[in-house]
Trainee: 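After the structure tokens below, expect a handful of questions from me.
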Amino acid sequence: MLLIKFREMFRMPKTFPPSNYGISAQPALEKYFIQTGFYDLLPLALQLAEEQGFNQDEIFEAICKVNNKFGQYPPTKNRTAWFETVFQEKLKEARGDILAFQAARKFRQCN
């Protein structure tokens with residue numbers, strides 16, 4: 001009984017309210033940001049993605065790329081500014097990667 005109450009207290013909600021930026025913070029997206037250590041920057045990431053018209057799949061790809069970059073070149077002074085700059089760059093890379101993958105899949109289906 002106690003274990004059930006504990007699970008209910010600390011369970012993540014199934015749906016999140018929509019953000020101010022139009023992209024809702026789904027649990028999977030939140031988990032990605034928690035695992036990469038950028039959970040505090042999730043609102044900034046959603047704002048940047050919405051302003052530039054990126055979707056949730058591109059955000060997933062971009063945060064993975066940001067995490068890889070963080071492992072190679074961590075910020076030395078201003079973590080938020082570093083994240084903003086790198087995240088914008090990686091959003092564009094992510095869109096390119098996703099479009100290239102979709103085009104290659106279509107090409108393979110035609111042949």
Trainee: Tell me the closest heavy-atom pair linking Ala94 and Ala62, and the distance in Å.
Mentor: CB-N, 3.9 Å
Trainee: Using a 3.5 Å distance criterion without hydrogens, assess whether the side chain of Glu58 forms a donor-acceptor pair with backbone atoms of Asn55.
Mentor: yes
Trainee: Can you tell me how far the CG atom of Leu44 sits from the CZ atom of Phe87, to the nearest 0.5 Å?
Mentor: 8.0 Å
Trainee: Let me see the working for Lys65 and Glu89 under side chain to side chain contact (heavy atoms under 4.5 Å, CB included), right down to the final yes or no.
Mentor: CA-CA 10 Å; Lys65 290 176 177 286; Glu89 173 187 327; over 6 Å; no
Trainee: Applying the 4.5 Å side-chain criterion to the ILVMFWY set and letting contacts propagate, would Phe101 and Leu99 be lumped into a single cluster?
Mentor: no
Trainee: Which value, rounded to the nearest 0.5 Å, describes the distance between Glu51 atom CD and Gln88 atom CD?
Mentor: 8.5 Å
Trainee: Check for me, please, whether Val66 and Phe60 land in the same ILVMFWY cluster - side-chain distances under 4.5 Å, paths through other members count.
Mentor: yes
Trainee: Provide the full list of salt bridge (Lys or Arg N to Asp or Glu O under 4.0 Å) pairs with a residue in residues 77-87, sequence neighbours left out, each pair given once.
Mentor: Asp40-Arg79
Trainee: Quick one: closest heavy-atom pair of Ala49 and Leu91, and the distance?
Mentor: CA-CD1, 4.2 Å
Trainee: Can you find a pair of side-chain heavy atoms, one from Phe70 and one from Trp82, that are under 4.5 Å apart?
Mentor: yes
Trainee: Could you pull out the closest heavy-atom pair between Tyr39 and Glu30, with the gap in Å?
Mentor: OH-OE2, 2.9 Å
Trainee: Calculate, to the nearest 0.5 Å, the distance between atoms OG1 and NZ belonging to Thr85 and Lys69 respectively.
Mentor: 10.0 Å
Trainee: Starting at CZ of Phe33, measure out to CG of Leu46 and round the result to the nearest 0.5 Å.
Mentor: 6.5 Å
Trainee: How would you list, by chain and number, every residue that makes a side chain to side chain donor-acceptor pair (under 3.5 Å) with Lys90, sequence neighbours excluded?
Mentor: Glu93
Trainee: Per the side-chain contact (heavy atoms from CB on, under 4.5 Å) rule, which among Thr36, Leu42, Leu41 passes with Ile63?
Mentor: Thr36
Trainee: Going through the distances and angles, do Arg105 and Gln102 end up as a side chain to side chain contact (heavy atoms under 4.5 Å, CB included)?
Mentor: CA-CA 5 Å; Arg105 185 172 42 172; Gln102 290 172 349; 3.9 Å; yes
Trainee: Let me confirm one number: the CD-CZ distance from Gln52 to Arg95, rounded to the nearest 0.5 Å.
Mentor: 8.5 Å
Trainee: Applying side chain to side chain contact (heavy atoms under 4.5 Å, CB included), name anything that partners Asn68, two or more places apart in sequence or on another chain.
Mentor: none
